[in-house]
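Order of the sequence lines fixes the chain letters, A, B, ..., with proteins taken first and strands second; residue numbering starts at 1 for each chain. Side-chain atoms are counted along with the backbone in the values below, which use heavy atoms only and exclude waters and symmetry mates.
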Amino acid sequence: MSAVKNPNPALIVGKYAALAFYLIFALFPLYWLLKIGLTPDALIYSEGTRLFPSEITFSNFTTVIFQTDFVAYFRNSLVVSLGAAFFTTLFAAGAGYAFSRFVFAGKRIIIALMLVTQMFPLLMIIAPIYKIVAELGLLNSLTSLIVVYTAFNIPFATFLMQSFFDGIPKDLEDAAMMDGCSRFQALCKVVFPLTLPGLGATLGFVFTAAWSELLFALMLISKNDAMTFPVGLLTFVSKFSVDWGQMMAAGVLALIPSCLFFIFIQRYLVQGLTSGAVKG
Amino acid sequence: MARIELRDVAKRYGSVEVLRNIDLEIQDGEFIVLVGPSGCGKSTLLRMVAGLEPISSGDFLIDGERMNDVRPRDRDIAMVFQSYALYPHMDVARNMGFSMEIRKDPVAERKSKVAQAAETLGLSNLTDRLPKALSGGQRQRVAMGRAIIRDPQAFLFDEPLSNLDAALRVEMRLEIARLHQKLSATMIYVTHDQVEALTLADRIVVLNGGDIQQVGSPLELYERPANKFVAQFIGSPTMNVVPVIGTDTGVTAGNGAAIELPDQPLTAQAKELGVRPEHIDVVDNGTGDLSAVADVVEHLGSDTNIYVNVEGIGSMMVRKHGNIPVNSGEQLGLRIQTENAHLFADDGTALRPVA
């Protein structure tokens with residue numbers, strides 16, 4: 001008799017049905033986005049609730065790309081999101097490493113303060129932030145958004161990085177130092193390669209957060225040429241009508257970089273990279 | 001090869017003193033085992049020698065040169081960690097050759113040394129594997145290979161065998177003993193396992209609560225423990241220790257039995273009598289120093305362990321070589337081999353016969 005029992009076929013069917021249901025549930029809004037983007041303007045209201053439009057057009061996409069400022073919004077968003085993700089991860093990695101490995105005066109206070117910053121509702125601090133940015137003359141600049149997003153994401157990203165560093169046995173650095181590394185060399189040659197999943201997760205987290213952020217972008221940016229994509233999306237809403245088709249087409253295009261980014265970093269997100277380091 | 005000296009070394013974390021008055025001289029090529037219960041500071045002491053833990057006070061010297069503030073990388077000491085600490089993203093060959101890679105030694109030399117070490121440790125066909133694809137014993141070997149490839153002044157082992165199963169532990173213990181014979185390098189080995197200590201060491205350092213209790217060869221510690229702690233820590237099964245009242249000719253046990261100890265002077269100061277299980281003879285009921293009832297008898301074939309109840313004293317253990325026909329519940333007489341008995345004063349220090 002084999003040790004593994006043949007599973008009940010009904011169970012398999014049930015399992016796949018549950019998975020399919022979940023997939024449909026999760027992906028339906030995305031499908032609707034794509035569907036409306038592909039529906040000709042004339043049919044949007046007449047065929048609004050049909051699952052498949054009777055006609056398909058790419059004109060919404062071509063209009064969005066060639067006749068609106070969408071490409072500029074897109075570029076701005078890319079600059080802001082990549083900038084915020086890069087700087088946040090850089091600082092969070094440094095701070096997370098310090099919290100994970102060193103004992104220093106004021107460590108608990110700093111950690112507590114960082115937690116406190118996470119407790120304020122964003123609306124409370126929008127006005128002061130606006131004032132600071134205005135005084136610095138940074139209104140309508142992408143720099144202001146990068147700075148603000150970086151500042152807001154660092155605490156959470158730091159805790160995230162700290163937990164990744166905590167997961168790397170301290171013995172590995174000690175061993176590297178016994179093998180002739182300085183602490184910095186040990187960091188670069190042993191700790192850094194093992195932290196790649198953590199860095200990838202943090203980058204991805206901040207990138208998506210910055211990519212879809214609306215509130216600060218709306219407050220701090222009013223000029224068209226510095227608008228990020230979520231703000232730009234609002235330009236499809238005019239006083240008398242909403243250009244649904246183009247708006248959805250822009251939305252679909254905006255999903256592409258997020259998807260590409262996750263395809264790029266997902267290989268660093270695989271677990272088990274540190275297995276085999278120590279016992280077990 | 002190196003002579004290592006510790007002079008009045010101490011370690012403090014804030015106001016907590018975890019090690020104090022550590023004076024130890026380790027000769028070139030000596031195999032020293034630091035042994036003690038967990039929390040006694042033995043691993044901390046090893047890490048201080050490695051340079052991974054700063055020394056709070058005192059001097060640490062290698063070949064007469066003060067090394068307190070020298071970084072680990074410049075001490076030329078290799079260490080094998082309890083967790084092995086293999087670099088998980090490097091294959092076995094790169095793990096072993098990592099120190100040479102850092103020193104920027106020529107690639108050809110590195111390759112030949114790695115191959116040689118792999119050969120010695122039986123890892124030749126595993127050099128391109130990642131640590132996660134190795135068994136516990138193989139990981140342990142890679143960790144040792146990483147140490148020997150450097151040809152360091154001294155080797156440090158931090159409980160290297162505690163993650164292995166019993167059979168593998170015996171095998172690796174032999175391998176470490178062979179390694180020491182072959183390299184004749186200075187080695188410092190930390191363990192809480194007294195069998196490892198007794199089998200491997202040239203000299204054993206017994207630590208407890210941050211103090212060195214005794215330094216000596218395995219036989220010295222077994223035959224002449226300096227105090228009650230060492231007496232009970234070294235030797236398996238544990239030494240029987242019973243409270244007694246010292247008299248001019250011997251001691252009187254709690255049940256009033258007088259035991260004459262002609263080989264043991266200073267008996268008047270004795271507060272406790274220690275006898276190892278193997279130093280008690282079983283005699284006919286009514287004869288001997290004590291009368292007892294056998295409680296549990298374990299027949300191990302090579303040995304017989306008899307747990308006895310002695311009226312007025314409590315339980316003791318007797319171990320005899322071979323098979324002794326004793327049944328539980330049987331009345332026995334016990335005779336203590338007085339020349340192998342130990343007497344301890346009020347503070348636990350051993351009372352020595354005047355030579």
Other residues, nucleotides and ligands only: do more than 12 of their heavy atoms fall within 6.0 Å of [atom1] on [X]?
{"X": "A/Phe102", "atom1": "CZ", "result": "yes"}
{"X": "A/Phe159", "atom1": "CZ", "result": "yes"}
{"X": "B/Gln27", "atom1": "CD", "result": "yes"}
{"X": "A/Gln118", "atom1": "CD", "result": "yes"}
{"X": "A/Ile109", "atom1": "CD1", "result": "no"}
{"X": "A/Phe21", "atom1": "CZ", "result": "no"}
{"X": "A/Lys15", "atom1": "NZ", "result": "no"}

Side chain, backbone, both or neither: which part of [X] has a heavy atom under 4.5 Å from chain A?
{"X": "B/Glu101", "answer": "side chain"}
{"X": "B/Arg150", "answer": "side chain"}
{"X": "B/Arg75", "answer": "neither"}
{"X": "B/Leu52", "answer": "side chain"}
{"X": "B/Met100", "answer": "neither"}

Exercise for review: Give, for atom CG of A/Asp174 and atom CZ of B/Phe81, the distance between the pair rounded to the nearest 0.5 Å.
Suggested key: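 Those atoms lie 5.0 Å apart.
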Point to revise | Separation of A/Lys189 NZ from B/Phe98 CZ (nearest 0.5 Å) | key: 6.0 Å
**Study point:** Contact residues of residues 176-186 of chain A (partner chain B; heavy-atom separation under 4.5 angstrom)
**Key:** A/Ala176, A/Met177, A/Met178, A/Asp179, A/Gly180, A/Cys181, A/Ser182, A/Gln185
Review point. Taking B/His89 for the side chain and A/Val191 for the main chain, is one N or O donor matched with an acceptor at less than 3.5 Å?
Key: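 Not confirmed, B/His89 side chain does not pair with A/Val191 backbone.
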Check your understanding: Do you know the tightest heavy-atom contact between A/Leu194 and B/Pro88?
Key -> CD2-CG, 3.4 Å
